[in-house]
J.: 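What follows is a structure written as structure tokens; I'll ask about it next.
Numbering of ligands and ligand atoms starts at 1, following listing order.
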Amino acid sequence: MCGIVGYVGHQSAGPILLEGLQRLEYRGYDSSGIAVIDRDGALAVMKREGKLRDLQAAIQQMPSGATGIGHTRWATHGQPSDRNAHPHASSSGDVIVVQNGIVENYRELRAELQDQLDAEGRSWHSDTDTEVIPELISKELIAGRSFEDALAYAVGRLRGANAIAAAHRGDPDRIYAARKGSAGGIVIGYGDGEMFVASDLPALLPHTTTVYHLEDGDIAVIDDRSVRIRQENRTSFQPTPVQVDLDPVAIARGPYRHFMLKEIHEQPRALSDTIRGRARLEPPSALADDLELPIETLRSIQRVLVIGMGTSLHAAMIGRWWIEQVAGIPADFDNASEFRFRAPLLGPSTLVVAVTQSGETIDTLGAMNHVRQHWGAPQVAVTNVEGSEATRQADASIILRCGPEVGVASTKTFVGSLAALYLLACRIGHAQGRLSPHVLTDRLEQLLTAPSLVERGIQRAERCAEIAQRFGTASNFLVLGRGIEYPLAMEAALKCKEISYVHAEGYAAGEMKHGPIALLDQEFPVIALAPRGPLFDKMTSAIQQVSARRAPVIAIGDEGDKDLSELVDHFIGVPPAPPLLTPFSLTPVIQLLAYQIALTRGLDIDQPRNLAKTVTVE
Ligand code: AGP
């Protein structure tokens with residue numbers, strides 16, 4: 001959720017930390033802060049509520065120092081404010097800490113530390129859970145422990161999942177990082193006589209592509225030339241860094257007004273890259289070299305459960321559809337945050353597929369952990385981030401090749417996840433002998449048209465802008481879909497909510513008459529997803545019912561569909577797609593509609609209020 005950066009080297013740390021935070025701002029953006037220490041151990045901390053630009057102005061006044069840590073926050077405990085922004089210092093003023101995650105037992109730890117604070121005549125200076133960490137470290141330092149031991153002790157006392165960076169005035173040539181559980185990653189970047197720490201790669205890429213990802217339980221002791229990892233069992237080693245193959249240009253906004261718009265336009269490419277080499281026609285095969293599950297496992301699957309959250313859940317719902325229709329085996333989907341607390345019954349031979357673009361979403365990781373501990377069922381992660389926690393927990397992964405997604409609203413990773421799930425359905429169906437070579441070829445040929453379907457959908461941007469101009473001030477939208485378009489209706493509504501702040505509901509069209517229809521009047525626009533297909537007539541019946549209540553209907557259907565366009569008030573044509581592939585033709589239009597509505601409302605599209613790109617807290 002929050003973004004963490006750290007630097008130790010020979011340059012002034014402040015500007016480097018700030019630039020790193022700018023590249024991680026999508027992780028959280030309600031407040032931010034930086035702390036630097038100079039060679040003599042003088043510490044300066046600057047924190048500001050609001051966006052990073054507010055901090056940027058303030059750090060001009062900051063003394064320089066070549067060691068430091070920084071943080072961009074998504075508030076959990078305590079409102080966004082200067083005092084609750086990180087870094088947090090110990091009451092002694094010696095120890096500074098930034099954290100991503102939640103200290104679940106912070107009340108208990110506060111009570112325990114209260115005596116020490118009372119004795120010193122000090123009080124807590126924030127409402128955060130994080131502040132107990134520097135205090136715990138400080139207490140151990142006073143008791144004579146080294147900083148490394150004190151940090152290890154403090155981390156050991158925390159309940160929950162935490163990613164931490166810390167520094168100490170008495171040790172100005174080092175920074176420390178720790179990772180406990182699945183609170184998002186910590187990655188160390190190796191420079192030339194300087195080292196970097198970040199929650200995510202984009203902050204490191206301008207400086208280095210040589211990196212090391214901390215594992216759960218690691219504590220890293222970092223100076224300007226080396227890293228030492230201390231594990232929970234107190235053994236230490238010098239890690240071997242790896243090279244990452246990511247282009248810094250991929251994380252620049254380029255000529256686009258927003259990352260979201262750029263990423264919508266990148267979808268055809270993201271799809272082609274994700275499919276490349278994985279859908280072969282002669283002889284036909286899907287994911288032949290990309291799914292490290294034994295063939296016996298694939299053959300023995302009797303049921304597939306697809307899980308995820310938010311947009312990834314909507315991809316999971318569509319994936320369920322394909323696994324049933326393409327692979328021909330029973331499949332279901334579930335909201336990962338509900339799944340594990342229901343004590344679910346998986347039964348024998350269930351394959352669990354976890355969809356998570358970030359690979360860090362705590363609800364999804366919790367569900368995967370539940371599966372591993374209670375069922376030992378095979379798991380496949382569908383994710384855009386190689387080496388992410390989801391890939392570590394899964395038995396096999398399908399890595400999307402969408403490139404970094406910076407906009408908080410998932411766009412290109414949604415279509416990438418769809419392609420991966422479709423390929424997985426083909427792979428399972430093929431392994432189980434349920435898809436003849438002829439049918440498999442046909443399915444794969446259809447998938448290969450997906451990038452062009454998306455491309456042509458994107459060309460409807462102008463029409464989406466016209467509709468947004470007309471309905472940009474509406475307070476509500478109902479989005480209707482049937483069959484494979486029902487999850488898309490939910491995705492359209494989610495996009496409207498998260499970036500346009502407009503109340504929108506995605507409904508199965510058949511459900512509308514069972515209640516939601518009571519909402520409709522001439523002020524309540526309805527978006528109907530109505531491409532030609534087996535359920536088209538039923539969809540048009542629902543549209544008639546809407547029109548009879550005088551609610552304006554915006555239909556998204558096949559280009560040139562005269563009957564439909566004459567039936568509704570507003571029409572957006574998309575390229576006709578085979579019935580199983582309509583998610584690819586419709587997705588860009590629902591994304592662009594939400595984008596354009598947000599634009600007409602003048603909203604902060606890449607950093608919508610209250611949200612963060614990666615949700616690492618429960
Ligand atoms: C999507 O636009 C949202 N930002 C959000 O719903 C997201 O899809 C969800 O948090 C899951 O994230 P993940 O794919 O990284 O697991």
J.: What I want to find out is whether Arg179 reaches Asp218 closely enough, with some N-O distance under 4.0 Å, to be called a salt bridge.
T.: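 A salt bridge is absent here (no side-chain N lies under 4.0 Å from a carboxylate O).
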J.: Considering non-hydrogen atoms of the protein only, which is the closest contact for atom 10 (O) of ligand 1, and what is the distance?
T.: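 Result for atom 10 (O) of ligand 1: Val615 CG2, 3.9 Å.
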J.: What atoms of ligand 1 come closer than 4.0 angstrom to any heavy atom of Ala409?
T.: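 In order of number, 2 (O).
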J.: Considering only non-hydrogen protein atoms, determine which one is nearest to atom 16 (O) of ligand 1 and report residue, atom name and distance to 0.1 Å.
T.: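 So the nearest neighbour among protein heavy atoms is Thr361 OG1, 2.5 Å.
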J.: So is Ser358 polar-close to ligand 1, meaning N/O to N/O under 3.5 Å?
T.: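 Among all N and O atoms of Ser358, at least one is under 3.5 Å from an N or O of ligand 1.
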J.: Going by atom types only, do Gln357 and Thr383 share a side-chain donor-acceptor pair under 3.5 Å?
T.: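 Per modelled atom types, Gln357 and Thr383 side chains form no pair under 3.5 Å.
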J.: Within 45 degrees of the axis of the six-membered ring of Tyr501 and under 6.0 Å from its centre: does Arg609 put its NZ or CZ there?
T.: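 That pair qualifies as a cation-pi contact.
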J.: Assess, by modelled atom type and distance only, whether the side chains of Glu491 and Thr311 contain a donor and an acceptor separated by less than 3.5 Å.
T.: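 Result is yes, a qualifying pair exists.
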J.: Is the closest basic N to carboxylate O distance between Arg53 and Asp604 below 4.0 Å?
T.: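 No salt bridge links Arg53 with Asp604.
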J.: Considering heavy atoms of the protein only, find what lies nearest to atom 3 (C) of ligand 1 and give residue, atom and distance to 0.1 Å.
T.: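 Going atom by atom, the protein heavy atom closest to atom 3 (C) of ligand 1 ends up being Glu498 OE1, 3.4 Å.
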J.: Below 4.0 angstrom, N of the basic side chain to O of the carboxylate: do Asp290 and Arg427 qualify?
T.: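 Here Asp290 does not pair with Arg427 in a salt bridge, since their nearest N and O are not under 4.0 Å apart.
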J.: Mark the output for Lys495 as yes if a heavy-atom distance to ligand 1 is under 4.0 Å, and as no if none is.
T.: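 Yes.
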J.: Pick whichever of Val355, Ile307, Thr311 has a heavy atom sitting closest to atom 7 (C) of ligand 1.
T.: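 The residue whose heavy atom sits nearest atom 7 (C) of ligand 1 is Thr311.
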J.: Quick one: look up the protein heavy atom nearest atom 14 (O) of ligand 1 and list residue, atom name and how far away it is.
T.: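 Scanning the protein heavy atoms, the shortest distance from atom 14 (O) of ligand 1 goes to Ser312 OG, 2.6 Å.
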J.: Would Gln357 count as being in polar contact with ligand 1, using the rule that some N or O on each side must be under 3.5 angstrom apart?
T.: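 Yes: some nitrogen or oxygen of Gln357 is under 3.5 Å from one in ligand 1.
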J.: Tell me which protein heavy atom sits closest to atom 11 (C) of ligand 1, plus the residue, atom name and distance to 0.1 Å.
T.: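 Among all protein heavy atoms, the one nearest atom 11 (C) of ligand 1 is Met309 O, 3.2 Å.
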J.: Which word best sums up how the rings of His86 and His71 line up, parallel for under 30°, tilted for 30 to 60°, or perpendicular for over 60°?
T.: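 Taking His71 first and then His86, their aromatic rings lie parallel (interplane angle under 30°).
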J.: Taking Lys51 first and then Asp54, would you say they form a salt bridge - that is, a charged N and a carboxylate O separated by under 4.0 Å?
T.: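 Salt bridge between Lys51 and Asp54, a charged N being under 4.0 Å from a carboxylate O: no.
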J.: Applying a strict 4.0 Å limit to heavy atoms, is Val408 in contact with ligand 1?
T.: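 Flag set, Val408 near ligand 1.
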